[in-house]
Amino acid sequence: MRLLILILLWFSHAQRDSAEQCLIQTREQDKMYVCPSSDSVIRYAVDYYDRHGSKEERTEAHYLLGCVEADLFNRAKAIYELRYAARLNPDKTGNQQALIYSRLGYLLYEHQLTDEAEEIYEKAEALARERKDTIDLVHALMQMGNIRLMHGDTGLAEQYLNEAWQLAENQHDNYLQATVLTAVYALCRQQGESTRAEWAARRCMSIVPHPMRTWPAMFNLGETLYYKEQYDSAKVLLEPILEIDHSYQLRADVADILEKIAIAEGNADAQRRYSELQKALDRSARMSMETTAVLRQELEEMELQAEKRHQTEVVLWVLLSLLVVLLAGIGVLTVLRFRRKQTLSQQINNMQTERQSLIQEEFSSSAVYQKLQRLTELARENPFAKENLTATDWQQLMVYADNMHNGIMTHLRSRYGLSEDEMRICLMFILNVPVICMGYFVKGYSRNTIQMKARQIPVNAGAKKGTLLREWLHDEEESLQK
């Protein structure tokens with residue numbers, strides 16, 4: 001048994017170590033922006049922590065699973081897991097919750113689930129202010145500004161983006177500033193503030209640190225130059241964007257501007273080429289919109305399935321609880337019944353003991369008992385004395401023996417049909433009269449005769465040969481008690 005316990009403990013520790021290793025590996029890959037080939041590693045950790053982990057461990061496992069699913073372009077699963085992690089996390093003010101809000105909000109915004117994205121970013125904003133985290137606060141404000149801008153609410157969008165820029169301007173993070181400036185450019189363009197839009201575009205181009213991050217800035221400045229009719233400079237900035245495979249919508253916007261430039265320059269071939277390209281990219285963008293609709297449907301189906309699983313689990317837990325309560329009730333009733341039975345049995349035994357004591361006391365003080373004791377002493381002194389028990393005395397002694405020993409005398413007479421002499425010999429043994437004195441009371445039999453008859457009575461009653469009369473009488477009395 002001890003060996004089995006040790007094996008189970010070792011197996012449990014081995015499973016936990018493996019799950020922890022999977023969690024650490026996935027966490028480090030996420031920090032290093034390494035895209036996993038599958039979700040099998042983190043799935044092992046999720047399965048283990050769902051069964052044995054704390055809420056904090058389960059939260060991190062589901063968060064990392066959401067990140068992995070996003071990297072694998074399983075966006076519906078990613079959003080579902082991040083939603084679950086946000087609900088599950090017991091620490092609503094910690095760094096883990098901030099990471100969840102950031103990832104979840106971006107995925108929702110990217111797939112134009114703007115209502116839920118705005119709710120998430122509002123929570124992220126409140127959390128960032130509480131934690132005094134400027135970077136997270138800038139991101140939250142910027143994204144809320146973008147969402148308000150998509151809804152046409154330029155006033156609230158401007159409020160969010162102005163605060164975001166004031167905070168980002170004081171940070172030594174060029175990419176953060178460039179991201180905010182991109183949003184500010186879109187706001188200014190929508191408000192018709194071309195001068196400020198050009199400033200935002202040029203400022204963004206001047207501070208972007210990485211070539212792969214210059215595409216929005218290049219587009220913004222290229223669009224600004226187009227509106228200023230500086231077509232050659234605009235084409236220099238816009239044409240390279242068409243070579244990337246990043247955003248259908250961005251490339252469609254670029255193709256639209258280049259088509260307009262070709263019209264202004266009278267270049268029919270370029271106009272036709274960019275027109276066809278723009279139509280193709282618009283179709284791809286519409287397909288992306290359709291993908292968003294499919295994503296909404298997938299998320300609804302996943303939430304519905306999760307709700308059904310939850311309801312099933314609740315029903316099973318309720319049934320299990322009812323079963324446990326029922327079994328516990330049956331157990332309690334059984335115990336109470338057993339205890340009651342024990343109590344009643346104890347009370348009956350006490351009453352029987354008390355009754356036996358009273359009968360024994362009555363017998364000890366009775367005249368027939370006193371006479372039996374006196375004649376027993378007389379038999380020792382003078383075996384040939386004439387005084388003896390009368391028929392009435394024998395009857396009284398048998399009644400007392402019946403009362404004290406569960407009706408033994410009546411039982412012997414009715415079951416075995418013993419003779420009068422055999423009944424009296426049995427009575428002498430029950431009343432513990434010395435064997436040497438028994439012959440005095442039973443027809444003057446000698447001791448040997450009494451012993452011979454005592455051996456014969458059990459045999460005649462069906463007992464094994466050699467059974468002592470005293471033992472046989474004791475067994476018969478016990479059978480009557482049952």
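Any value given below was found using the heavy atoms of this structure, including those in side chains, with hydrogens, waters and symmetry copies removed.
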Scan for salt bridge (Lys or Arg N to Asp or Glu O under 4.0 Å) pairs involving residues 44-55, sequence neighbours excluded, and state none if there are none.
-> D50-R58
Quick one: do the Q396 and D393 side chains pair a donor with an acceptor below 3.5 Å?
-> no
Should N89 and Q96 be marked as a side chain to side chain donor-acceptor pair (under 3.5 Å) after you check the CA-CA gap, both sets of side-chain angles, and the distance that decides it?
-> CA-CA 8 Å; N89 190 12; Q96 184 68 63; over 6 Å; no
P458 and T467 have their tightest heavy-atom pair at CG-O, 3.7 Å
Y445 side chain to D421 side chain, donor-acceptor N/O pair below 3.5 angstrom | yes
Between E69 and the options R83, R43, K77, the salt bridge (Lys or Arg N to Asp or Glu O under 4.0 Å) test singles out R43
Please name all residues satisfying ring-ring contact (aromatic ring centres under 6.0 Å, His included) with Y84, sequence neighbours left out, ordered by chain then number.
-> H62
With Q347 via side chain to side chain contact (heavy atoms under 4.5 Å, CB included) - residues at least two apart = T343, L344
Going by the side-chain contact (heavy atoms from CB on, under 4.5 Å) test, name the single residue among D402, V368, T392 that passes it with L397.
-> V368
Mind checking what makes ring-ring contact (aromatic ring centres under 6.0 Å, His included) contact with H139, not counting sequence neighbours?
-> none
With sequence neighbours excluded, residues passing side chain to side chain donor-acceptor pair (under 3.5 Å) with N403 = none
E387: what forms a salt bridge (Lys or Arg N to Asp or Glu O under 4.0 Å) with it, not counting sequence neighbours?
-> R374
Step by step, work out the salt bridge (Lys or Arg N to Asp or Glu O under 4.0 Å) result for R424 and E420.
-> CA-CA 6 Å; R424 291 182 178 183; E420 192 65 31; 3.6 Å; yes
With sequence neighbours excluded, tell me which residues meet salt bridge (Lys or Arg N to Asp or Glu O under 4.0 Å) with E471.
-> none
Residues that E422 engages under side chain to side chain donor-acceptor pair (under 3.5 Å), provided they are two or more places apart | S419
Listed by chain and number, what are the ring-ring contact (aromatic ring centres under 6.0 Å, His included) partners of W472, not counting sequence neighbours?
-> Y416
If we ignore angles and hydrogens, is there a donor and acceptor under 3.5 Å between the side chains of Y109 and Q143?
-> no
Quick one: list whatever passes salt bridge (Lys or Arg N to Asp or Glu O under 4.0 Å) with E118, sequence neighbours left out.
-> R148
In residues 449-457, what donor-acceptor pairs under 3.5 Å come from side-chain atoms, sequence neighbours left out?
unit_1	atom_1	unit_2	atom_2	d
T449	OG1	S446	OG	2.9
Q456	NE2	N460	OD1	3.0

Mind checking what makes salt bridge (Lys or Arg N to Asp or Glu O under 4.0 Å) contact with R129, not counting sequence neighbours?
-> E125, E163
